[in-house]
Amino acid sequence: MKQYDHKKIEKKWPPSAKASAGQAEKKLRTYDHKRIEKKWQKAWAKKKAHVVKDSVKGKKNEYLLVEFPYPSGNLHVGHWYAFAIPDIYARYRRAQGRNVLYPIGFDAFGLPAENAAIKRSLNPRTWTQQNIKYMKGQLASMGASFDWSREVATIDPAYYKWTQWMFTQFYKKGLAYQKETPANWCPKDKTVLANEQVVNGHCERCGAEVEQRMMLQWNLRITEYADRLVDDLEKLDWPTQIKDSQRNWIGRSEGAEILFPLQFPVGADKLKYVLLHGFKGDVSNYDWLKSELEKLGHEVIVPHLPNASSPNEKEWVEAILGATTYDKNTVLFGYSLGAVAAMKALEKLDTKIAALVLAGGFVDPKFKDHSRNFEKKFSWKFDAITITSKVGHIHLLHDTTDTAISEDQARRLSECLGIPLTRVEAQKPHFCGDKELVLLNYLTPSVTVFTTRPDTLYGATYIVLAPEHPLLRQGFAGQAWVNQQEVNEYVTKANKKSDLERQESKEKTGVRIDGVEAINPATGETIPVFVADYVLGHYGTGAVMAVPAHDERDFEFAKKFGLPIRHVVLPVRIDEKNPHVPGKEVVFRNLVMAIVRNPQTGKYLALKVKNPQWTTFVIGGVEEGESLEEAARREIREESGYVNVKLVRALGGPIHSEFHAGHKGVNRIAHNTTLLFELEDEVREPLAPEEAEKHEVTWLNESEITRDRMSHGELDIVLNRMRTGNDVHSGQGILAYSGTFDSMPSEEAKKAITAKFGRAKKTYRLRDWGVSRQRYWGVPIPIIHCDTCGAVPVPDKDLPVKLPEVKDYLPAGNGKSPLAKAVKWVNVKCPKCKGKAQRETDTLDTFVDSSWYFLRYVDPKNKKSFADKKKQSAWMPIDLYSGGAEHTTMHLLYSRFWYKALYDLKLVKDKEPYVRRMNRGLILGPDGQKMSKRWNNVIDPDDIVAQLGADTLRLYLAFIGPYNEPGSYPWNPDGVAGVRRFLERTWRLQDKIVDDRRNSFSRPGPGETVSPEGRPEIERELHKMIKKVGEDCAELKFNTAIAAMMTFLNTAEGRGLTKQQYVTLVRLLAPFAPHITEELWASFAKASKAKHAKNSVHLQPWPKYDKKKLVSDTVKIIIQINGKMRGEAQVPASADKEAVEAAARAVVADRLAGENVARVIIVPGRLINFVTLTIKKQIV
RNA sequence: GCCGGGAUGGCGGAAUUGGUAGACGCGCACGACUCAAAAUCGUGUAUCGCAAGAUGUGGGAGUUCGAUUCUCCCUCCCGGCACCA
């Protein structure tokens, strides 16, 4: 392993002072980076060379963004790689005539600052600002063209005022909400962490194991944007790797929600249903619903609501309250105006009832079609708190086909009650069908499951609830199960475990909920209900329908609990060798295949068929009334004579096969099930003569069971099941045992079954973004908690909410932020009611700070808005965003979400902030490991700058590999010396400038870059270089761009070059090594009369290459014989095919002697290939 | 397990639409300069072979006059997801 040898480098570099003193008399000074770099950095700063205007006449704006650093206190090589290399691109684009914004700032809030501050008993602000100051000095040494006038720091109140302002905007729009959520709690950092900050159950920062705690947290509704965050990726010019990572992270699954009604057949209290009809309705509307509910054993009351054609609130409410007594077993159902009346009645009710189901309800009497006469007879204010407090369970149903109630009306109801809206499709619009099944489903206790495989519904043989499922906490309408205690124990145990602990063992555990059964809506069968921790509470609906035949997890669970396995999606095997013959009758048959193993020998029973010749297992049709096993035993006896066999198991479910049954002359569709038997003894019955004639018995080793030998198309599936014991078919197939859906392909069946029994639904892995942090050093969440008004956003005029000074930055450890200790700051008046109120004491996640910083660069000093709209449109969206791979799923997703939310608030004009994104690589230590003090392999960029110069460091990092690929590159000390050599040779190349006739230094005329006469080869090399460097820079392949300049240098050193040619090289090198090139340019400018020469080299336009100069008079042609290189020939560029062939034949004449050339392939200007007859013959 | 990316000398890496594999740099070897060393300059440097030549881009097949490049299968490495229904 190579060790980084400091001494070796220091000995080598810098070149001794004595040597340069000795050369002092020489016309040229030695390249002295120390003098040059400081000099020009000062000069640029003085001239404000890098201040960017928002518009420059005749130039297009371009926004190049790099992730702003965290002010850790010291600049490392990674920072150089992150900032100095994109600077090459910024300078290159400027030379190409773009007005380039290349800003920088500091992401300065966050844990490390605070931890360091606690350790050194310093104010985090002081500490952070010191770091910023120091790092700015270091950044200056890069010679990067940052516009410092646009510097942004997230800790600046003028910045975080807008962070807070945006948060209040989001809150007002319902995008920010507070919720008691299980939070990832780091016991060491004493704060809540985002999911993204938890790596394998441990804190990303300190490594401590993360605990789950229930806490009241602020969340941002990023899940509402999940679809757009996935779909809009498509249009972005981003590497697929980043897009795929984001898609994985969001984890969108498309499937269906299906409702399974529950029955409590044993020992449960019966429910009392009160069904309220609507405007112009009457008691008879619910005949069907009533009888169905009564069938389940419940009591049903349908009160008569007076004057249904001209109703008023008072009469209806009285009728409802008088209809019966209400208690904890009552379920109140209200339809349309009945829903309104139900809520009104609840406001008055003095007991708590089990459940409230509202269908087609509203709180806003504005209808899609026409107005109604009751608008003024009801009051349209609702006491949501009272209503919801009187009810254990609420369902809000909206019919998506409704012709009277708009979706918007329904949503208002949902917002009013704070209960999510359930969108359903009624049998007839506005739930007007005779048999509205959907109503029954929601009136009965039920479990809604999410599945991506609705096609397997008929195979669902049980239901599994996650331990967190609300049904287990609340029950439904007071219903109970028999083994309540056992269930509770399991749930408590599971809830104690962290996600990580639950995953420790994949061994399935669970408890059957006794006395409760679900009804499979497709088969009508009752199926058991379990609670098991392999189902996740936060994903989908927290409940699954288990289909053991087609899901491995369910299969495992079913095996353990002895649950039925029903195969409903059959894998398909179509025999290509023996396909269906068009026109022939299609005949269906159930087949059974028997694999008989002899445990003594380990061999398998097979039949050698004589005509046609093939080998098969015992196989035959299942006769009417016969079980599979009976049929298999019969076939074994008939075909092999063996009598005593023992059934081991079925090898999974049937396989759907299609083939042409030649001997019967029909097209066969067969469902073929394979049973595995063991031979018990050798007892055989004699075969019937016609059987014996057809085939003979043979025994095969396992290795002899191959598709070559055996004719079964299903063999691969069967063998796999036999060997692995995995009988689950989780792929696609054709439906069977699925009622009217039989023989439908599974993809089609997904849609059909969803349409009939459920509704299409998307679910995401992504969860809402928890932004509360119980730490000091962050942006205070701009919310005031008032006892009467609830959470109130801080009014715009009171922003920013400045971070108060406290003495003690240590988190309390009880979940309270240190801000809670600033009592004066905390206690305020409510902005709404002026009553007593307290400030929110949590601070925002720092990912919030960095979600919009790029917008502030555009207009960093604005006091009226976060960024002026005109300035935004001058720069946004960002043309190229360069950063680290570690931000692929967090920062990049959060800031996209943030930007989209701003877009919806009409605060920004684009849907996406970053047009193009690239992830850079990683610089490793010289030993190939990550740079770390622990390994003593850290390269300090300050040392390199001191010894070798900033230009060398820039050039080295650019040369190490392609910048736009996230590779990892070990630091090579000799490699750095190598690029330093390149700069010195470039410097000394001045010695090789030869007399060019014009010997002047002026702007090249059109079509002319330099005076080329007399040196066409160098001129050609020069133009090749201009082309290559330009193209490679555009693609961020700085390594090959530098290689092209090195190649030119190698040629030019040998042959000499003109001053014009030299200066062109300097201009190409300028973005890479801004200091040395500025120095060289200036020294040439002294001798020049040209005006433009007085300007900086960095203001010179990018050299243009001349296509005509790229071509040479002669070209090298590669000569191949049968595709192998056999020689080369120089031919005139103008040579035609005949001439090329003649020249080539001359070169390889001896090789072609005696060969018949069958074909000659000529690639103009490149290659000629002689194909000889012998090869040709082999092919023909 | 699923999704994506990758594998080229001693090392970092090049190679246009399929057309000389190894550009450029490092390292190494030899030579020049020097009393010497360093620096610098020059020559060479995929492997085997004295050579002619043969082999060679993770492994195996295929398409093609010709494959690092296209197709199929496999191995390994990196990244994302993972009891996600």
Side-chain angles (χ1 to χ4, degrees), chain A residues 2 11-13 15-16 19 239-253 255 449-453 456 464 466 499 502-503 505-508 532-536 538-547 550-554 556-557 730 763-766 885 888-889 919 928 956 959-962 965-979 981-982 984-985 988 1028 1031 1037 1039-1047 1049-1050 1053-1054 1116-1128 1158-1163 1166-1172 1175-1176 1179:
Chain A
K2 230 178 228 176
K11 219 164 83 188
K12 279 184 184 173
W13 297 101
S16 72
T240 44
Q241 205 197 11
I242 306 181
K243 290 188 184 184
D244 283 328
S245 287
Q246 292 216 346
R247 286 191 194 106
N248 280 341
W249 189 269
I250 295 165
R252 175 162 74 188
S253 298
V449 304
F450 173 74
T451 177
T452 54
R453 292 296 304 273
T456 63
V464 189
D499 279 7
R502 280 200 204 176
Q503 285 171 35
S505 157
K506 296 219 170 183
E507 179 76 27
K508 299 283 177 289
D533 69 2
Y534 82 92
V535 174
L536 307 175
H538 55 76
Y539 186 78
T541 59
V544 300
M545 64 177 207
V547 188
H550 304 294
D551 182 283
E552 302 214 7
R553 295 152 302 180
D554 298 340
E556 255 179 70
F557 191 85
S730 53
T763 307
Y764 310 88
R765 192 199 80 97
L766 183 74
T888 299
T889 45
N919 282 358
Y956 172 67
F959 189 56
I960 202 163
E965 284 171 29
S968 44
Y969 310 105
W971 179 271
N972 178 357
D974 294 321
V976 193
V979 296
R981 255 194 302 268
F982 166 68
E984 293 194 347
R985 283 167 63 198
R988 286 199 305 265
K1028 180 81 177 145
E1031 287 169 355
K1037 290 181 181 168
N1039 55 335
T1040 48
I1042 294 167
M1045 290 187 277
M1046 287 173 166
T1047 307
L1049 175 70
N1050 289 343
E1053 266 182 343
K1116 191 167 74 176
I1117 298 290
I1118 298 306
I1119 305 165
Q1120 292 184 339
I1121 296 173
N1122 298 326
K1124 292 198 173 172
M1125 222 275 268
R1126 289 298 181 226
E1128 52 186 64
R1159 220 171 124 191
V1160 179
I1161 290 151
I1162 296 179
V1163 182
R1166 212 181 267 273
L1167 161 144
I1168 180 166
N1169 187 12
F1170 296 102
V1171 185
T1172 63
I1175 292 273
K1176 189 81 181 168
I1179 287 147

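Not measured: the values here are computed from a predicted model. Throughout, a chain's letter reflects where its sequence line sits, starting with A, and its residues are numbered from 1.
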Checklist line | Base-pairing assignment for B:G31 (Watson-Crick or G-U wobble, both under 3.5 Å) | finding: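 Base partner found: B:C41.
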Answer yes or no: does a side-chain N or O of [X] lie under 4.0 Å from OP1 or OP2 of [N]?
| X | N | answer |
| --- | --- | --- |
| A:Asn1039 | B:A14 | yes |
| A:Tyr534 | B:A85 | no |
| A:Ser253 | B:A85 | yes |

Can you measure [X] atom [atom1] to [N] atom [atom2] for me and round it to whole angstrom units?
| X | N | atom1 | atom2 | answer |
| --- | --- | --- | --- | --- |
| A:Glu1053 | B:C24 | CD | P | 13 Å |
| A:Asn1050 | B:G42 | CG | C1' | 13 Å |
| A:Glu1128 | B:G19 | CD | P | 18 Å |
| A:His550 | B:A85 | NE2 | C1' | 14 Å |
| A:Phe982 | B:C26 | CZ | P | 11 Å |
| A:Glu965 | B:G4 | CD | P | 18 Å |
| A:Met1125 | B:G53 | CE | P | 11 Å |
| A:Tyr956 | B:G13 | OH | C1' | 11 Å |

Closest to the [X] side chain, choosing from [options]:
| X | options | value |
| --- | --- | --- |
| A:Leu536 | B:G25, B:A85, B:U40 | B:A85 |
| A:Ala1043 | B:G19, B:C24, B:C83 | B:C24 |
| A:Thr240 | B:G12, B:C41, B:G5 | B:G5 |
| A:Arg1159 | B:C65, B:U20, B:A85 | B:C65 |
| A:Asp533 | B:C83, B:C24, B:U20 | B:C83 |
| A:Arg981 | B:C83, B:G27, B:G4 | B:G27 |
| A:Asn248 | B:C81, B:A14, B:A85 | B:C81 |
| A:Arg1166 | B:A85, B:U17, B:G4 | B:U17 |
| A:Val544 | B:U20, B:A85, B:G19 | B:A85 |
| A:Ile1161 | B:C65, B:C3, B:A14 | B:C65 |

Note to self: Here's a test of your reading of the structure: between A:Asp554 and A:Ala1044, which maps to the more 5' nucleotide of RNA chain B?
What the structure shows: A:Ala1044
Next item on the list: Between A:Leu1167 and A:Phe1170, name the one whose nearest nucleotide on RNA chain B is closer to the 5' end.
Entry: A:Leu1167
Touch check for [X], heavy atoms < 4.0 angstrom, all strands: base, sugar-phosphate only, or nothing?
| X | answer |
| --- | --- |
| A:Lys1124 | sugar-phosphate |
| A:Val547 | nothing |
| A:Asn1169 | base |
| A:Pro239 | nothing |
| A:Arg985 | sugar-phosphate |
| A:Phe959 | base |

Notebook entry, point to check: When only distance counts, do a donor and an acceptor, one from the side chain of A:Gln241 and one from the base of B:G80, lie under 3.5 Å apart?
Noted result: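 Counting by modelled atom types and ignoring angles, no donor-acceptor contact under 3.5 Å is found here.
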Checklist line | Heavy-atom closest pair, residues A:Ala546 and A:Val464 | finding: CB-CG2, 4.2 Å
